[in-house]
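One structure is given here, and the rest of the page talks about it.
We name chains A, B, ... by the order of the sequence lines, and we start the count at 1 in each one. Since the model is a prediction, treat every value here as computed from it, not as a measurement.
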Amino acid sequence: DIQMTQSPASLSASLGETVTIECLASEDIYSNLAWYQQKPGKSPQLLIYYANSLNDGVPSRFSGSGSGTQYSLKINSLQSEDVSIYFCQQNYDSPYTFGAGTKLELK
Amino acid sequence: EVQLVESGGGLVQPGRSMKLSCAASGFTFNNYDMAWVCQAPKKGLEWVATISYDGSSTYYRDSVKGRFTISRDNAKSTLYLQMDSLRSEDTATYYCARHYRSGDFFFDYWGQGVMVTVSS
């Protein structure tokens with residue numbers, strides 16, 4: 001199975017700050033990488049797919065980048081509604097595995 | 001508006017069965033592959049199974065192969081997950097999710113989830 005390692009596990013940032021979450025795959029996943037946001041008590045929402053494509057309706061302050069085994073999610077100008085857990089997921093090979101999540105809180 | 005509404009969860013004893021349903025609306029159900037994804041309490045997400053738009057192909061993670069069966073009724077716009085020989089480690093919230101498009105194993109819409117607790 002492809003292991004997805006996210007860092008950091010938790011993150012505290014101030015409003016307006018820029019934050020970056022990393023995701024490392026155990027093998028090359030050829031940009032088959034998605035990012036999800038899960039707000040407390042809610043189901044996940046797709047943010048980014050194919051490593052850098054923004055899903056419809058997602059604010060432009062979210063962006064994704066990376067290739068090979070290393071990927072990142074960047075949130076510019078952090079807003080209060082961005083407090084969530086963020087997951088990466090590889091959709092290159094079965095089983096389609098997720099990272100353990102990064103919990104983003106406000107400082 | 002796309003809606004996915006799961007039902008059928010609850011408490012079940014180890015070794016018993018349970019069937020989950022997911023009623024879809026707001027899109028052409030028979031155009032999309034569908035999946036079940038689970039999340040154990042305070043844990044991460046785990047893809048469970050996928051069924052193709054026409055039901056002709058199914059895919060499972062190894063830990064549920066032979067125990068779980070994903071199916072769909074396109075006439076009723078409903079997705080199912082039959083779970084047999086349940087184990088304590090199957091305890092999780094189960095989400096119904098729509099594949100972004102056929103062949104892409106990421107998910108653009110999710111239901112609200114249904115809790116399954118396997119315990120004696």
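Nearest approach of Gln38(A) to Tyr95(B), heavy atoms of both residues: NE2-OH, 3.3 Å. Shortest non-hydrogen contact noted between Trp110(B) and Pro44(A) is CD1-O, 3.2 Å. Across Gln39(B) and Phe87(A), no two heavy atoms sit closer than the pair NE2-CZ, 3.8 Å. Scanning both residues, Phe105(B) and Asn91(A), for their nearest heavy atoms gives O-CB, 3.2 Å.
A donor-acceptor contact closer than 3.5 angstrom links the side chains of Tyr50(A) and Asp104(B).
Crowding of Gln70(A) atom CD: a count of heavy atoms from other residues, nucleotides or ligands under 6.0 Å not exceeding 12. For Arg61(A), the CZ atom sits in a packed shell: over 12 heavy atoms of surrounding residues, nucleotides or ligands are nearer than 6.0 Å.
In this structure, chain A has heavy atoms under 4.5 Å from both the backbone and the side chain of Phe107(B). Proximity to chain B involves both the backbone and the side chain of Tyr96(A), based on heavy atoms less than 4.5 angstrom apart. Using a 4.5 Å cut-off between heavy atoms, Tyr109(B) makes no contact with chain A at all. Interface residue Val37(B): only side-chain heavy atoms are found under 4.5 Å from chain A. Of the atoms belonging to Tyr36(A), it is side-chain heavy atoms, and not backbone ones, that fall under 4.5 Å from chain B.
Met83(B) and Tyr80(B) are assigned to two separate hydrophobic clusters, defined by single-linkage of ILVMFWY side chains at heavy-atom distances under 4.5 Å. The hydrophobic clustering, which links ILVMFWY residues whose side-chain heavy atoms are closer than 4.5 Å, places Val114(B) and Val2(B) together. Cluster membership for Tyr49(A) and Val58(A), using ILVMFWY side-chain heavy atoms within less than 4.5 angstrom, is not shared. No chain of hydrophobic side-chain contacts below 4.5 Å, direct or via other Ile, Leu, Val, Met, Phe, Trp or Tyr residues, connects Leu47(A) to Phe106(B). Hydrophobic clustering (ILVMFWY, side-chain heavy atoms < 4.5 Å, transitive): Phe68(B) and Ile70(B) are in one cluster.
Taking Ser43(A), Ala100(A), Gly99(A), Ser94(A) one by one and counting their heavy-atom pairs under 4.5 Å with chain B, the maximum is reached by Ser43(A).
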